[in-house]
Amino acid sequence: MSEPTAAPAKKLFLLDAFALIYRSHFAFAKNPRVNSKGMNTGAVLGFTNTLVEVLQKEQPTHIGVCFDAGKTFRHEKDENYKANRQAMPEDIGIAIPYIKQILEGFHIPILLMKGYEADDVIGTLAQQAEREGFEVFMMTPDKDYCQLVTEHIKIYRPAFMGNAAEVLDVAHVLARFEVERVEQVVDILGLQGDASDNIPGIPGIGEKTAKTLIQRFGSVENLIANSDQLKGKQQENVRNFAEQGLLSKELATIHVNVPIEFEPDKLVMEAPDANRLRALFEELEFRQLSARILGGEVAGSRPAAPAGPVGRGARRPKVVAPAGQGSLFGEGSAAVVIAAENGEFAPGEAHQEYHGSTKTLADVPHNYHLVDTPALRKSLLGFLLQQKEVSFDTETTGLNTMTARLVGLSFSWHVGEAYYVPVPQDETAQALVEEFCPFFESNIVKIGQNIKYDLLILKNYQVRVNGPFFDTMLAHYLIEPDMRHNMDVLAETYLHYTPVPITDLIGPKGKNQKTMADLPPNEVSDYACEDADVTLQLRHVFEPMLKSLGLLELLNEVENPLVPVLADVEFAGVRIDSEAMGEYSAELQGYVQDLETQIFKEAGEEFNIGSPKQLGEVLFDKMQVGRGTIKKTKTGQYATGEEVLSQLAGDYPIAGLILEYRQLSKLRSTYVEALPQLVCQDGRVHTSFNQAVTATGRLSSTNPNLQNIPIRTEKGREIRKAFVPRDDNHLLLAADYSQVELRIMADFSGDATMIEAFRLGQDVHRSTASKVFHVPLEEVDGEMRRKAKTVNFGIIYGISAFGLAQRIGISRKEATDIIETYFQEFPSVKQFMDDSINRARELEYAETLLKRRRYLRDINSRNATLRGYTERNAINAPIQGTAADIIKKAMINIHDWLEKERLGTKMILQVHDELVFDAVKEEVDYVTPKIKELMTQALLLPHGVPLEVEVGTGSNWLKAH
DNA sequence: CGCCTCACG
DNA sequence: ACGTACGTGAGGCGC
């Protein structure tokens, strides 16, 4: 690409609006940007950013933006043209008028011609401009424009998803399409077709073949004329679809004879209307963009907003808090005391609303107070007890709930008003917590962000906090399950507010990081108060959102009540027999060393077996193992995964040895060595269950992860023997749902055959095998059952013939046959899968029995791989998520029952479809049937497919199964 | 810190 | 033509 040294005097940019808007919209699909009014602003923001970038970097002298307008001549030529296109997503429809207004604000003309598409208009104008000596840049991500590229007409592909902006000139186009002349681009485009535009092309010809054929014949016409030189099926197709091929070329051609005149004067770049833009950006809540291009809003420097559009645009939606009962201020003696001590408080309600320039603590009116005398604490407690709802937060010395010590408590019940109560110097944390016990034990609604953490901290002081709870983290988890729910981010997104970063107080992460206990209370106070205040405000934002999404019940009946249950489960912990672990570690170490010796002998050299890089080089470069079928990872390394090595194990003993080595060293490092290190003084490990991580509604477990303790292999299973009851008076009790997900699938699909199998209590995999392989039940052998089981799982995951073939080691053809037979035998299952996808296409989300959502914004993507992945999610998410709903309900009910009955049995683990208890021996007979009942009856499935639960007990986790 | 591999449901 | 079953978390390697 050779640019003249001097910038061209006349530089015209023509933007393809819809192509850029669609791209922006999908760029934000994974992480949608929503403003406080609930508008998805991704498309507008992306488009505006692109526009601004080009204005600043490229400084065009002339510019215009083209929109498509109405049906085009292409629809008349072919009624199917673009028939495949989904209707415009609603979010884009809403975005268009904003984008047009923004363009008006920039004084950039909008170009459109009824009956022509943007590319035709852009092509026509570009050629006219070129004749008048312009350097023209067509701004679009669409490769079809390549056919228009000349010496002075180029494509400007804006920066996208990490790729830098790119200018495509003639040389790029010729290289990209592997043609000699730019004119041949349309031949390639037409020949290969375009599914998303419904340009049919010629069957059997894709990108690769199209390039080869055009290289050979030069054009579609010439290809057809010389089809006698082609062979077999290809010749047949080219002959039979000759006309379709020509039509496709025609459809792919951009027409540069649009009756429109290039009037340079109208496209001259002008200065924007800053006020208009500022108002628009305000309304859209594009704060950073606004500051960047219109100048920052330094607090106080901005003139008072006059009445009128700017003033109105700048107005924030109100954060309205329901009136609390009383305040520390203006009422009673406490207010007087605080007023006297702080000398700063102003009663009044100035904190109710955020204004345009408010961003951080310094910009927002607030009444934050340090409560650090016995009289103040007493007074605060009195007010707390009068409230219906209070947000509270704990300040501690660390994140580990088992070791962190309490430093202070903060409370808020009025927006903008909060109180921080430090642990008094002459008192213990224990005494402070006890002082506020009347509040914690009350039935006032307790609002918190990740409130399980606070419950656990308080549990260390023997305080059992009473509900109801409202956790803002969980509220947001239901609103946007696949986003992060960190409070600072939530505050930025929903309150347009940046809380004080904790590092401002305790310093950056590192060796000398302080803790809250190292700081004087008055330095902690604002931070702590802010947390409680922000949390309260988030609650007021989220509640109406949840209500309108139909998620409030799920939050109030499942997620919030589960919080204290999980806190108890984590607090209880699981006893680990560290001694047994130690012995097993030594045993494994012996095996691992033997294997290492053997592997080195086979390899003829020593190397790090744990390094996939070194291992790949030894196996494939040096030893030349498995010639011909070498797999590589996406980063170009040799793949040495389980799949590859098992394949080789038959021919090369070293492969089997490596697999065994891998398995045993994994067991040792991940479990046998790591677990004892996490055992607390009480002899137990306390995992953390994260309630806001998975996209489907499941829990996850960390520190350690107790949801992936080995069971599938003999040597792995051994580890479960070290999971033992807390003392001699207890037994481990494990209760498993049997095939929940398959039952849910059977129920949702309403498939009579499969439902019948479950109703009769049959072995479903066996009965599936009997149906799929057309043999009587009694003749199903182990192999058939194993295959049928894999198929059943496959169905839940959104089966593909390829995936199934790989898993059970059969050909794709056989897999296709099995799937076909399966769908014949269980037609409603097929129907269910199709329905799930279609429903998700319309809604752009999937939902569970309890209305939990998983957004699937890529389900209408034109990227086939991405779409396929999302379609499988549309099938799987409701099933996996409903199973999660069910076990969560069961956990709440069991926990409540154990508590109500004052039993000593404790729930200690959840592993997706299993609950584990530390059961008091004398209670086992009593709790077993009840646990079974509460699990099977947790939720009733719509078609009444019964749930089944197996319960076992034993002196360790393995024996309990 | 990203990648690979592998443990579980 | 493409790439391929759903959902997680952790350890070790190598940059």
Side-chain angles (χ1 to χ4, degrees), chain A residues 192-195 201 203-210 481-482 608-616 633-645 658-659 662-671 673-675 678 687-690 693-713 716-717 719-720 736-737 739-741 745 790-808 812 815 819 846 854 863-881 883-884 887 909-914:
Chain A
Q192 77 181 57
D194 183 334
I205 300 183
E207 187 183 329
K208 288 268 162 63
T209 318
D482 45 18
N608 185 346
I609 308 168
S611 160
K613 190 172 139 77
Q614 292 183 36
L615 177 62
T633 66
K634 55 187 160 203
T635 48
Q637 286 195 58
Y638 293 116
T640 66
E642 207 265 335
E643 212 174 303
V644 176
L645 294 182
I658 291 164
L659 281 172
R662 280 246 184 92
Q663 193 206 9
L664 300 184
S665 49
K666 170 95 176 174
L667 293 178
R668 211 175 86 90
S669 66
T670 310
Y671 303 100
E673 282 294 300
L675 282 174
L678 292 162
T687 183
S688 294
F689 284 106
N690 201 324
V693 162
T694 70
T696 53
R698 276 187 175 183
L699 300 178
S700 83
S701 156
T702 56
N703 254 316
N705 180 356
L706 295 185
Q707 291 182 320
N708 72 346
I709 302 303
I711 194 166
R712 293 174 186 170
T713 66
R717 259 195 302 277
I719 294 169
R720 294 202 166 208
D736 284 61
Y737 282 106
Q739 292 133 5
V740 238
E741 295 194 353
M745 206 273 306
T790 312
V791 178
N792 279 331
F793 274 108
I795 295 287
I796 292 167
Y797 298 152
I799 202 157
S800 77
F802 182 89
L804 182 66
Q806 281 232 309
R807 299 233 159 201
I808 48 184
R812 234 167 110 174
I819 293 169
R854 175 170 187 180
N863 173 337
T865 309
L866 192 58
R867 190 175 59 243
Y869 171 74
T870 316
E871 285 172 356
R872 293 193 292 277
N873 277 322
I875 296 165
N876 179 261
I879 299 172
Q880 190 181 118
I887 198 165
L909 284 179
Q910 189 253 42
V911 195
H912 311 306
D913 63 356
E914 170 184 10

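Letters A, B, ... are given to chains in the order of the sequence lines, protein chains preceding strands, and every chain is numbered from 1. Fair warning: this is a prediction, and the values are worked out from it, not measured in the lab.
Comment: A:Glu642 does not engage A:Lys666 in a salt bridge, judged by the lack of any side-chain N to carboxylate O separation of less than 4.0 angstrom.
Per the geometry, OH belonging to A:Tyr797 stands 11 Å off C1' belonging to C:dT8, to the nearest Å. The CD1 atom of A:Ile808 sits 14 Å away from the P atom of C:dA5 (whole-angstrom rounding). Rounded to an integer number of Å, the gap from CD of A:Gln637 to C1' of C:dC13 is 9 Å. The nearest whole Å value for the distance from the CD1 atom in A:Ile709 to the P atom in B:dG9 is 11 Å. With rounding to whole Å, A:Asp913 atom CG is found 16 Å from C:dT8 atom P. Taking atom NZ on A:Lys634 and atom C1' on B:dC4, their separation rounds to 10 Å, with Å as the unit. Between A:Leu675 atom CG and B:dA7 atom P there is a gap of 15 Å when expressed in whole angstrom units. The CG atom of A:Asn690 sits 17 Å away from the P atom of C:dG7 (whole-angstrom rounding).
Taking 3.5 Å as the limit, the base of B:dG9 and the side chain of A:Arg712 contain a donor-acceptor pair of atoms between them. Put simply, the side chain of A:Arg807 and the base of C:dA5 share a donor and an acceptor less than 3.5 Å apart.
Among the atoms of the strands shown, none is found under 4.0 Å from any heavy atom of A:Ile796. Within the 4.0 angstrom heavy-atom criterion, only backbone atoms of the sugar-phosphate kind lie near A:Ala639; the bases stay farther away. Residue-level contact check: A:Ile711 touches the backbone only, with heavy atoms under 4.0 Å from sugar-phosphate atoms and none from bases. Residue A:Glu642 is in sugar-phosphate contact alone, with no base atom involved, counting any heavy-atom pair closer than 4.0 Å across all strands shown. Within the 4.0 angstrom heavy-atom criterion, only backbone atoms of the sugar-phosphate kind lie near A:Ala695; the bases stay farther away. Contact annotation for A:Gln663: backbone-only contact, meaning every heavy-atom pair under 4.0 Å involves sugar-phosphate atoms and none involves a base. Contacts of A:Glu914 with the nucleic acid, taken as non-hydrogen atoms under 4.0 Å apart, are absent. Contact annotation for A:Gly868: no contact, since no heavy-atom pair falls under 4.0 Å across all strands. Among the protein residues, A:Ser665 comes within range of no part of the nucleic acid, since none of its heavy atoms lies under 4.0 Å from any strand.
For the residue pair A:Gln707 and A:Val911, the shortest heavy atom distance occurs at O-CG1, 3.7 Å. Considering every non-hydrogen atom in both A:Ile719 and A:Pro710, the closest pair reads CD1-CG, 3.9 Å.
Here A:Ile796 contributes atom CD1 and A:Asn792 contributes atom CG; the two are 7.0 Å apart, rounded to the nearest 0.5 Å. In this structure, CD in A:Gln614 is found 14.0 Å from OH in A:Tyr638, a value given to the nearest 0.5 Å. A:Gln880 contributes atom CD, which lies 8.0 Å from atom OH of A:Tyr797 (distance to the nearest 0.5 angstrom). In this structure, the separation between CD1 on A:Ile875 and OG1 on A:Thr870 is 11.5 Å, given to the nearest 0.5 Å. Distance CZ/A:Arg812 to CD1/A:Ile819: 10.0 Å, rounded to 0.5 Å.
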Atom pairs, protein N/O to nucleotides 10-12 of chain C N/O, distance under 3.5 Å:
from   : atom 1 : to       : atom 2 : distance (Å)
C:dA10 : OP1    : A:Asn703 : N      : 2.9

Restricting to nitrogen or oxygen on both sides, can you table the protein-nucleotides 2-4 of chain C pairs closer than 3.5 Å?
from  : atom 1 : to       : atom 2 : distance (Å)
C:dT4 : O4     : A:Arg812 : NH1    : 3.3

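Nearest-nucleotide assignment on DNA chain C puts the 5′-proximal partner with A:Gly204, out of A:Thr696 and A:Gly204.
Comparing the P positions of B:dG2 and C:dA5 gives a spacing of 23 Å, expressed to the nearest Å. Rounded to a whole angstrom, the distance from the P atom of B:dC4 to that of C:dG3 is 16 Å. Atom P of C:dT4 sits at a distance of 15 Å from the matching atom of B:dC3, rounded to the whole Å.
Considering only side-chain N and O atoms, A:Arg854 lies under 4.0 angstrom from the phosphate OP1 or OP2 of C:dG7. The phosphate of B:dG9 (OP1 or OP2) has no side-chain N or O of A:Arg698 nearer than 4.0 angstrom. The phosphate of B:dC3 (OP1 or OP2) has no side-chain N or O of A:Thr633 nearer than 4.0 angstrom. When the side-chain nitrogen and oxygen atoms of A:Tyr671 are compared with OP1 and OP2 of C:dG9, none of them lie within a distance under 4.0 Å. Phosphate contact (OP1/OP2 of C:dA1, side-chain N/O of A:Thr209, threshold under 4.0 Å): present. When the side-chain nitrogen and oxygen atoms of A:Gln739 are compared with OP1 and OP2 of B:dG9, none of them lie within a distance under 4.0 Å.
Two residues are said to be in side-chain contact when any heavy atoms from C-beta on lie closer than 4.5 Å; A:His912 and A:Glu914 fail this criterion. A:Leu675 is listed as a side-chain neighbour of A:Ile709, based on a closest heavy-atom distance under 4.5 Å.
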Which dot-bracket string fits DNA chain C when only Watson-Crick or G-U wobble pairs with both atom distances under 3.5 Å count, crossing pairs get [ ], and | stands for a partner on a different strand?
.....|||||||||.

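Just one residue in the list A:Ile609, A:Ile658, A:Leu615 forms a side chain to side chain contact (heavy atoms under 4.5 Å, CB included) with A:Thr640, and that residue is A:Leu615. No option in A:Leu699, A:Asn703, A:Asn705 other than A:Asn705 meets the side chain to side chain contact (heavy atoms under 4.5 Å, CB included) test with A:Ser701. With A:Phe689 as the partner, the side chain to side chain contact (heavy atoms under 4.5 Å, CB included) test is satisfied by one option alone out of A:Thr702, A:Leu909, A:Leu706: A:Leu909.
With A:Thr696 contributing its side chain and A:Ala877 its backbone, the two residues share no donor-acceptor pair below 3.5 Å.
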